[in-house]
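Take a look at the structure set out below.
Heavy atoms only: backbone and side chains are in, while hydrogens, waters and symmetry mates are out.
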Amino acid sequence: PGPRPLCRRLSRDHSEFHLSVSDSPLEDSDLKDTYLIPRNIMAEPDYIDDDNPELIRPQKLVNPVKTSRNHQDLHRELLMNQKRGLAPQNKPELQKVMEKRKRDQVIKQKEEEAQKKKSDLEIELLKRQQKLEQLELEKQKLREEQENAPEFVKVKGNLRRTGQEVAQAQES
């Protein structure tokens, strides 16, 4: 299947880099194409070769939180609950308050929409009902005032009424 692409290997020798190329003949067009294709450009680290035992090889740091038994148990339990579809029941207080406010707001909006949807007839009937209730309250207050009033005030009111009736009868 055609000539092999240019193989490069960078090796480190006394802080000088040497380029070793395969011995296959290449044309100039193939050489240009190989530069466009990303290859293993980075140098291989020294600790991969086992020839130098003096080098300290990097090791992954241990996270004390993840290695603790409590953390592992909690993580395992959360994973199992997630697979079962169970969510933790203890929500933060702020989240509970925000959800309650949102529910209250939705209920209030529905009530406002219901009031807006009332027809003109319903609105007029409500106005008349409020007027009738107000008149009944005023009449009840007058009755209570008359019942609680002293006797001479009642007699004076009766005399005024009779005086007005006599005056109207004389005019007509």
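- Minimum interatomic distance between Val65 and Ser68 (heavy atoms only, all atoms of both residues): O-OG, 2.8 Å.
- Applying the under-4.5 Å side-chain rule to Ile, Leu, Val, Met, Phe, Trp and Tyr, the cluster around Ile123 consists of that residue alone.
- Heavy-atom minimum distance, Arg69 versus Arg76: NH1-NH2, 4.2 Å.
- In terms of the salt bridge (charged side-chain N to carboxylate O under 4.0 Å, His left out) criterion, residue partners of Glu99 (sequence neighbours excluded) are, by chain and number, Lys91.
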Apply side-chain contact (heavy atoms from CB on, under 4.5 Å) to the pair Asn63 and Thr67, showing each step before the final yes or no.
-> CA-CA 6 Å; Asn63 187 346; Thr67 56; 5.7 Å; no
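- Other members of the hydrophobic cluster containing Phe152, listed by chain and number, are Val153; membership follows side-chain contacts under 4.5 Å among ILVMFWY residues, whether direct or relayed.
- In this view, Lys100 and Asp104 satisfy the salt bridge (charged side-chain N to carboxylate O under 4.0 Å, His left out) rule, not counting sequence neighbours.
- Atom CD in Gln140 sits 5.0 Å away from atom CD in Glu144 (nearest 0.5 Å).
- With sequence neighbours excluded, the residues forming a side-chain contact (heavy atoms from CB on, under 4.5 Å) with Arg101 are Val97, listed by chain and number.
- Annotation for His75: atom NE2 does not count as buried by contact number, only 12 or fewer foreign heavy atoms lying within 6.0 Å.
- Under the side-chain contact (heavy atoms from CB on, under 4.5 Å) criterion, Glu112 pairs with Lys108, not counting sequence neighbours.
- Within 6.0 Å of atom CD in Glu122, more than 12 heavy atoms from other residues, nucleotides or ligands are found, so the atom counts as buried in its surroundings.
- Scored by the salt bridge (charged side-chain N to carboxylate O under 4.0 Å, His left out) test, Arg128 finds no partners at all (sequence neighbours excluded).
- Hydrophobic cluster of Leu125: the remaining members, joined at side-chain heavy-atom separations below 4.5 Å, are Leu121, listed by chain and number.
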Sequence neighbours left out, cut at 3.5 Å: what donor-acceptor pairs do the side chains of residues 154-165 make with other protein atoms?
from	atom 1	to	atom 2	distance (Å)
Asn158	OD1	Arg161	NH1	3.3
Asn158	OD1	Arg161	NH2	3.1
Thr162	OG1	Asn158	O	3.2
Thr162	OG1	Leu159	O	2.8

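- Looking at residues two or more places apart in sequence or on another chain, you find a side-chain contact (heavy atoms from CB on, under 4.5 Å) between Gln129 and Leu126, Glu133.
- If you take CG on Leu137 and CG on Leu132, they are separated by 11.0 Å, rounding to the nearest 0.5 Å.
- For Asp120, there are no side chain to side chain donor-acceptor pair (under 3.5 Å) partners at least two apart in sequence or on another chain.
- A search for side-chain contact (heavy atoms from CB on, under 4.5 Å) contacts involving Glu138 returns Gln134, Leu135, not counting sequence neighbours.
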